[in-house]
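Quick notes on the structure that follows.
Here is how names work: the chains are called A, B, and so on, in the same order as the sequence lines, proteins then strands, and each is numbered from 1.
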Amino acid sequence: MSAPALVCRGLTKRFPGVVALDGVDFCARGGEVHALMGENGAGKSTLIKALTGVHPRDAGEAEVDGRPVHPRSPREAEAAGISTVYQEVNLIPDLSVAENICLGRQRTRFGFIRWGDARARARSALARLGLELDVDRTLSECSIAVQQLVAIARATDIDARVLILDEPTSSLDAGEVAQLFTVVRRLRDQGLAIVFVSHFLDQVYALADRITVLRNGRLVGEFPVAELPRLQLVAHMMGRSVDEVEALRHRERPAAAPGEPLLSTHGLARRHAVLPLDLELRRGEVLGLGGLLGSGRTEVARLLFGLDRADAGETRLEGRKVEFHSPADAMRAGLALTPEDRKTQAILPNLTVRENLVVALQARRGLWKQIPRAEQDRLVADFTRALGIKTSGPEQLIRNLSGGNQQKVILARWLATEPRLLILDEPTRGIDVGAQADIERLLAKLRDQGLAIVFICADTAELSRNSQRIAVLRDHAKVAELTGADVNEQAVMRAIAREAAA
Amino acid sequence: MNLAKLRPSAQILPVLASLGVLILLYAGGCVAFENFGSLRVLINLFGDNAFLGVAAVGATFVILSGGIDLSVGAVVAFTGVLIASLIGHGQPPLLAIGLALAFGAGFGALMGALIHLYALPPFLVTLGGMFLARGLSFMVHPESLSIDHPFYGEFISQTLSVPVSRRLAIPFTAFALLAVVLAGAALARWSRFGRNVLAIGSSESSARLMGVPIGSTKILVYTLGGFLSALGGVVATFYMQSGNPASFVGLELDAIAAAVIGGTLLRGGVGYIPGTLVGVLILGLIQTLVIFQGTLNSWWTRIAVGGLLFVFIVLQQLTARRRE
């Protein structure tokens, strides 16, 4: 480990009414992966934005290799040696891989871009990461994982000293994460200081050398990974004691007491999406849908909810054959779906918490029968209390809530329709530990109230923790159904791997 | 599964398709009508559509950046009237042309600045620009004004044209069109400005985080659009030998149609300048076919263009979908 590449002292950033960052010290050394941890709203994003010039800081100092830096734009930050790769790939979808790596830094001759040079540079930037790609491919034709790697190649093409990875893994599957980590370790060994932000504890422990924890905009502390047990880390992040966290973790395992069947599918299929599928969903039971990213989990959810039409097979609801031609049909039958991508598929960012909450119920009742304002307010008050949604009030814009609270509002939106079957597609993705615990508790409560629940989750530990039964998908087909004692991480992994080996 | 890999150039597919349509139309015309294949028809195709082509290149840049310019036709008309009026008042033609080009560029820059600084929708800003330029044209001169100057008579139509036979010459305007298309294509493909325009059109938020100068690029692209509209107006005065404040209504829509038929996506980020030339030539060829046919009314041109547009936007959507 070498000298500090990035040193921050007393970084402070105020927004109207909030101190988002309160005198935070932070230091990342060359040749280390330094994880930045904290719940949503702890100040991680603000710290990163202050370093990358998106939100210029109000007070404090930052140095790269001993030189003071004060970036006012991402470009200035890059010039100072701080490069960033964001959670959502921030590249240009319609341009080629080579161009995305070189945009804004193309070498020219007589004012003409030297494309040969751009391609060669892109190739060598990718080669440094141990990657070989067709650099003439249009970026949007590459998988998200590859796009993420291209973003890293771009970030390291210039003379970066510090590479910030802001939740780079949240849309990658296990294999892709492994590939990303290989690249990150390689860059670390080349002497880069890497700041790694992630919600996945496993990944942090697999990759990081040191961890800095933030809470409520303040520094909690900096720890070598080896000296910080997970439980202690979570306790630091949540601001609770280890005992409290321990109690949360070891709450009772869900008792398997399935009720009568509610909905069943027989040979349900859709070309290119889902191979013939038999599923049975029972009241008072959580059915987990497991499998790798792209194995068809979301496609199954879309099919069940009438978002996509099946082209074979049938669905039976309480024994009667039904056909959902649209989500509206499914809603009328008592189905609800919280989609995978909260930002683009679930929230209506410019509407208030109240409006977001009542919209499904309003749609179900018919647009001509407006829900009286008093009833709306009562619904918001009830759900805000029941789900522990943190807002400044029902009229706050939903886009100003943290991810976890947005997800709770979306859950409330559907619970307000009093569904019989709830399909949750990655409900805990990208939200903090506290909100995740809340949602897992809620899941158990709803199950005990007799709801049939389909729970889609990429995290096998979380999946097996919350499900009574797990259907494992691979390549758009169900390859295993686990029940009873088989509902555990290892069995899910085995089911995925067995089929992969075959 | 990886179909995309086999077709690395999905973006260029629409351009090739429109090139195919262009060739089909031309071949069809040659088979159906005597003299259609003559050099004269080909030369006129370029000469008659030069002003539209020049303006359409500007419109394509604006569309590539994710914007739209509705003021094209009005600026072309204003430029023509301004030049005719200045020459009518005894000013030298080159000064008149210079002033007209400067006005176009300044007008575009103003619209671009409004769009960028106040984050206004380009549709509305250029709609305002359209009304403003159209109204100003009538203020300069309320009716058609012919240009009577030796520069326009002899110099442009004879000295600057290239004779290919005793009775046939390639007009200067055709060269102007080709020069603008070549320069535009080079600007889009080989300049940082051109690449920044495409980047902004494809994803403005990403482009910002990647350090692309959003403001200056946007203002510059509308400046270029205004300048090329004005240059289109200058070319139109060479062609019409007059300026008319009521002319070129809806030219901006022809320009947009030409760009889209030429493979430019209206959402921005994807497109080719040579494709726009192909689009312009298709529009011109349809018109020529209708004229050759003789019994069809001129509105059949519009009907054919409308039909073609539908086909092309559906085609683009299908290629886009396959890419996903």
Side-chain angles (χ1 to χ4, degrees), chain A residues 48-49 52-54 71 73-79 83-86 88-115 118 133-143 146-147 150-151 154-155 157-158 166 272 294 475-476, chain B residues 1-14 63-66 182-183 185-217 263-272 316 319-324:
Chain A
I48 287 167
K49 282 175 178 161
T52 54
V54 177
S73 68
R75 174 171 277 225
E76 285 185 18
E78 281 188 359
S83 285
T84 313
V85 173
Y86 298 92
E88 285 101 21
V89 178
N90 278 290
L91 294 177
I92 310 294
D94 293 317
L95 298 185
S96 71
V97 168
E99 199 164 4
N100 268 293
I101 292 174
C102 296
L103 185 74
R105 322 171 184 140
Q106 307 99 329
R107 299 211 180 94
T108 57
R109 181 182 290 149
F110 312 122
F112 287 85
I113 290 172
R114 292 164 54 192
W115 283 104
L133 290 176
D134 175 6
V135 295
D136 289 322
R137 264 181 93 182
T138 305
L139 186 82
S140 60
E141 290 171 356
C142 304
S143 71
V146 170
Q147 294 187 23
V150 171
R154 175 184 170 83
D157 173 52
I158 51 164
D166 189 1
H272 299 317
D475 288 340
H476 309 281
Chain B
M1 207 54 227
N2 209 336
L3 286 171
K5 212 167 188 173
L6 300 173
R7 257 181 290 98
S9 52
Q11 290 184 356
I12 210 164
L13 217 62
I63 294 172
L64 286 178
S65 80
L182 281 178
L187 193 65
R189 175 71 189 151
W190 279 287
S191 77
R192 283 194 180 184
F193 165 74
R195 305 319 289 174
N196 288 346
V197 167
L198 281 153
I200 293 173
S202 184
S203 170
E204 188 171 330
S205 58
S206 291
R208 178 174 289 120
L209 286 172
M210 289 168 85
V212 171
I214 305 286
S216 58
T217 305
T264 297
L265 291 189
L266 200 60
R267 67 162 170 81
V270 178
Y272 297 91
Q316 286 185 346
T319 38
R321 209 176 283 169
R322 208 173 314 156
R323 281 176 60 201
E324 282 162 20

Please enumerate all residues that pass side chain to side chain contact (heavy atoms under 4.5 Å, CB included) together with A:Pro74, with sequence neighbours excluded. A:Val54, B:Leu209
Which bit of A:Glu99 comes within less than 4.5 Å of chain B, counting heavy atoms only: side chain, backbone, both or neither? side chain
Atom pair OG/CG of B:Ser203 and A:Leu91 - distance to nearest 0.5 Å: 9.0 Å
Answer key: most heavy-atom pairs under 4.5 Å with chain A among B:Gly268, B:Ala199, B:Gly269, B:Ala207 is B:Ala199
Can you say whether B:Arg208 sits under 4.5 Å from chain A via the side chain, the backbone, both, or neither, judging by heavy atoms? backbone
Give the minimum heavy-atom separation between A:Ile92 and B:Ser206, together with the two atoms involved. CD1-CB, 4.0 Å
In terms of heavy-atom contacts, A:Asp94 and B:Ser202 come closest through OD2-OG, 2.8 Å
Name every donor-acceptor pair, under 3.5 Å, that has one atom in a side chain of residues 107-114 of chain A and the other anywhere in the protein, sequence neighbours excluded.
| residue | atom | partner | partner atom | Å |
| --- | --- | --- | --- | --- |
| A:Arg107 | NH1 | A:Asp117 | OD1 | 3.0 |
| A:Arg107 | NH1 | A:Asp117 | OD2 | 3.3 |

Using 0.5 Å steps for rounding, measure from the CE atom of B:Met210 to the CZ atom of A:Arg75. 10.5 Å
